[in-house]
Amino acid sequence: MTAPADLILTNAEVHSLADPDETAEAVAVRDGKVVRVDSAYEVDFLEGVETEVVDLDGRVLLPGFVDAHTHMATVGSYLVNADLSDADSPADCVELLAELDDREWILGYGFDESTWDESRYLTRDDLDSVSETRPVVAFREDMHIAAVNGEVIARLGEEMPNEDVKTENGEPTGVIVEEAVDAVYEAIEPDAETMRNLLLAAQRDAHEKGVTGVHDMVRRSCAPDVYRKLDLDGDLTLRVRINYWSDHVEAVEEVGLRTNHGSEFVRTGAIKTFTDGSFGGRTAKLSEPYADGDGTGQWVVSPEELDELVARVDDARLQVTAHAIGDDAIDAALDAFEATDDPRAMRHRVEHVELVTDEQVERFAESGVVASVQPNFLKWAQEGGLYDSRLGSERRKQTNRFRTLLDSGAALAFGSDCMPLDPLLGVHHAVNAPVEAQRLSVTEALRAYTLGAAYAGFDENRLGTVEEGKKADFVVLDRSPWEEPDEIEGIDVAMTVVDGEIAFDGRND
């Protein structure tokens with residue numbers, strides 16, 4: 001006799017998001033796994049005395065979203081500090097920061113000057129108006145640029161490379177980039193108790209967005225230890241793949257961590273490194289100069305250093321993932337990966353892949369290197385947007401070419417880089433992209449945020465689709481993205497299920 005289900009989700013429009021995408025009416029779950037995907041009539045036979053039955057009232061059920069590139073401590077920081085992502089001017093940022101004048105450090109996250117009428121970075125003068133005695137920092141949303149006040153410069157200036165501190169008439173403007181920003185990160189690094197609160201806040205936010213798993217990019221942080229303690233305490237309801245920064249390589253090797261080792265909820269992922277910077281800071285490495293300034297960007301990690309790191313990490317049988325935004329940087333990352341024995345088997349990854357050439361697209365397909373991309377970055381791809389100003393109209397159209405990558409056979413994984421953590425926003429941008437080479441169908445975009453992201457983490461056999469035998473990780477949407485492709489960003493998440501347990505229920509909100 002077949003054992004009854006623990007949970008039945010019925011009266012739904014269930015999409016497997018497998019290939020092909022198959023639909024059903026109900027799902028049955030036992031011991032955290034899917035045991036039946038079928039008509040409501042057939043699934044009803046698995047109802048027992050203690051089965052929890054949830055009528056979804058016609059809502060859409062999908063596999064849970066997996067964010068292939070995020071920073072969960074930063075997500076938490078947005079929630080407990082000043083969130084500058086909706087600010088529309090420098091004055092607006094100053095006002096939001098001033099509300100935190102009782103803090104030891106006054107911190108704001110997520111400003112994007114490219115959307116403002118007064119399109120300029122925040123400066124020392126702006127932040128001195130918040131406080132001249134407490135350190136004040138405003139991080140641009142790409143996290144490669146920050147603005148600081150005079151107190152931060154006085155405290156940390158000697159630790160910041162001169163070339164990464166912008167000056168005017170010999171005086172710091174308050175704008176810092178790359179390694180100078182790292183000095184600030186080190187100064188404000190949370191202790192274990194603070195990190196726990198940040199990660200729990202981020203977990204709640206993730207579930208409200210339908211996210212059931214994340215690939216967290218972790219640097220010089222106690223987050224890995226905190227994640228494992230949350231897991232042991234039974235407080236972790238999010239599947240976390242920890243991608244350790246390259247400065248953790250020796251520690252990872254010393255304790256014997258290996259890619260994919262871990263528990264159901266915390267696993268070791270890749271070793272993460274940089275190549276270049278960002279378009280926002282004009283530090284992404286290009287083959288041709290920027291349209292709005294001199295230079296072609298800068299190396300954060302030189303190609304020679306990258307080659308050495310990739311060879312070492314690959315020899316240790318660890319996955320490698322490299323940040324590469326400009327076309328020169330993407331070349332360097334692909335060169336390093338193609339020099340390894342089997343980049344497809346190791347699923348080495350390039351993060352962002354914003355300005356990719358036709359030749360590089362083919363190299364992704366042929367090598368099996370994963371293109372781990374952020375569809376929400378398409379918000380900068382409109383005429384007159386950030387890409388237009390930095391790259392010019394022709395190169396703007398060459399950014400984020402998801403359609404081209406997918407058609408070539410390249411492995412495509414979606415993430416958010418927490419700008420913001422919101423899969424439906426990313427799916428909306430991919431479906432409604434301004435250029436055909438960027439545009440995906442609803443099914444393709446959703447699959448990149450589920451099965452594609454799962455594949456990037458060696459998880460396609462347990463996550464990413466709604467199929468019998470897979471983990472019971474689901475997101476339930478109030479409306480169908482297939483029926484309202486122009487309104488996907490406005491669709492509400494009604495429920496999130498992780499390991500067969502309801503982690504978020506927003507049906508009555």
Side-chain angles (χ1 to χ4, degrees), residues 62-79 109 143 195-219 221-231 235-245 259-272 319 321 323 347 349 351-352 370 372-376 412-427 446-460 462-464 471 473-475 493 496-499 501 503-504:
L62 307 172
F65 295 125
V66 178
D67 191 319
H69 183 124
T70 194
H71 305 266
M72 293 299 282
T74 301
V75 173
S77 295
Y78 271 75
L79 298 169
Y109 292 80
M143 303 298 288
M195 180 63 74
R196 186 180 193 278
N197 292 333
L198 291 176
L199 294 180
L200 287 174
Q203 177 176 263
R204 288 191 297 272
D205 184 61
H207 289 331
E208 290 174 6
K209 305 291 176 52
V211 176
T212 57
V214 296
H215 299 180
D216 195 356
M217 308 293 170
V218 175
R219 185 178 194 183
S221 168
C222 61
D225 184 50
V226 173
Y227 275 131
R228 291 185 170 89
K229 288 178 180 176
L230 288 170
D231 190 16
D235 294 327
L236 191 63
T237 57
L238 187 71
R239 300 190 195 277
V240 179
R241 182 176 177 83
I242 301 174
N243 289 335
Y244 293 89
W245 229 266
T259 294
N260 301 323
H261 287 192
S263 71
E264 283 291 343
F265 280 88
V266 182
R267 294 193 176 186
T268 298
I271 298 298
K272 166 74 162 57
Q319 184 186 30
T321 185
H323 163 120
R347 300 190 194 179
R349 301 164 42 162
E351 304 297 323
H352 311 309
V370 177
S372 174
V373 299
Q374 291 67 50
N376 40 306
L412 191 68
F414 274 1
S416 69
D417 205 8
C418 61
M419 292 198 272
L421 190 155
D422 187 348
L424 288 174
L425 175 65
V427 169
L446 290 169
R447 192 176 284 139
Y449 241 129
T450 51
L451 186 58
Y455 175 84
F458 295 87
D459 262 338
E460 72 275 14
R462 70 172 187 145
L463 308 175
K471 294 294 181 180
D473 293 1
F474 313 128
V475 57
V493 171
T496 302
V497 177
V498 183
D499 213 43
E501 301 288 338
F504 168 72

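All values below come from the heavy atoms of this structure, side chains included, with hydrogens, waters and symmetry mates left out.
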- Ignoring hydrogens and angles, tell me if any N or O in the side chain of N376 forms a donor-acceptor pair with the backbone of S416 under 3.5 Å. yes

- Message: What's the separation between atom SG in C418 and atom CE in M217, rounded to the nearest 0.5 Å?
- Response: 10.5 Å

- Measure the shortest side-chain to side-chain distance between D417 and H352 over non-hydrogen atoms and say whether it is less than 4.5 angstrom. yes

- Task: May I ask you to test the R196-K229 pair for a side-chain heavy-atom distance under 4.5 Å?
- Result: no

- Would you say the side chain of T321 lies within less than 4.5 Å of the side chain of V370, judging by non-hydrogen atoms? no

- Message: Does any part of the side chain of P63, heavy atoms only, come nearer than 4.5 Å to the side chain of L463, both counted from C-beta?
- Response: no

- Think R347 forms a cation-pi with Y455, using NZ or CZ under 6.0 Å from the six-ring centre and within 45 degrees of its axis? yes

- Relative to the ring of H71, is the ring of W245 parallel (under 30°), tilted (30 to 60°) or perpendicular (over 60°)? tilted

- Calculate, to the nearest 0.5 Å, the distance between atoms CZ and OG1 belonging to F474 and T450 respectively. 13.0 Å

- Less than 4.5 Å apart, any side-chain heavy atom of Y449 and any of D67? yes

- Query: Can you tell me how far CG of L238 sits from OG1 of T212, rounded to the nearest 0.5 angstrom?
  - Reply: 7.5 Å

- How long is the gap from CZ on R239 to NZ on K471, to the nearest 0.5 Å? 5.5 Å

- State whether the number of non-hydrogen atoms from other residues, nucleotides or ligands found under 6.0 Å of E501 atom CD is greater than 12. no

- Going by the angle between their ring planes, with limits at 30° and 60°, are Y109 and Y78 parallel, tilted or perpendicular? tilted

- Query: Nearest 0.5 Å, what's the OG1-CG distance between T74 and D216?
  - Reply: 8.5 Å

- Message: Once rounded to the nearest 0.5 Å, what's the spacing between atom OH of Y244 and atom CD1 of I242?
- Response: 4.0 Å

- Task: Please determine which of L424, L421, D473 meets the side chain to side chain contact (heavy atoms under 4.5 Å, CB included) test together with F65.
- Result: L424

- Do F458 and Q319 pass the side-chain contact (heavy atoms from CB on, under 4.5 Å) test, and can you show the C-alpha distance, the side-chain angles, and the key distance before you say yes or no? CA-CA 10 Å; F458 295 87; Q319 184 186 30; 3.8 Å; yes

- Item | Side chain to side chain, M72 and T70, heavy atoms closer than 4.5 Å | yes

- Item | Verdict with reasoning, L236 to Q203, per side-chain contact (heavy atoms from CB on, under 4.5 Å) | CA-CA 8 Å; L236 191 63; Q203 177 176 263; 3.3 Å; yes

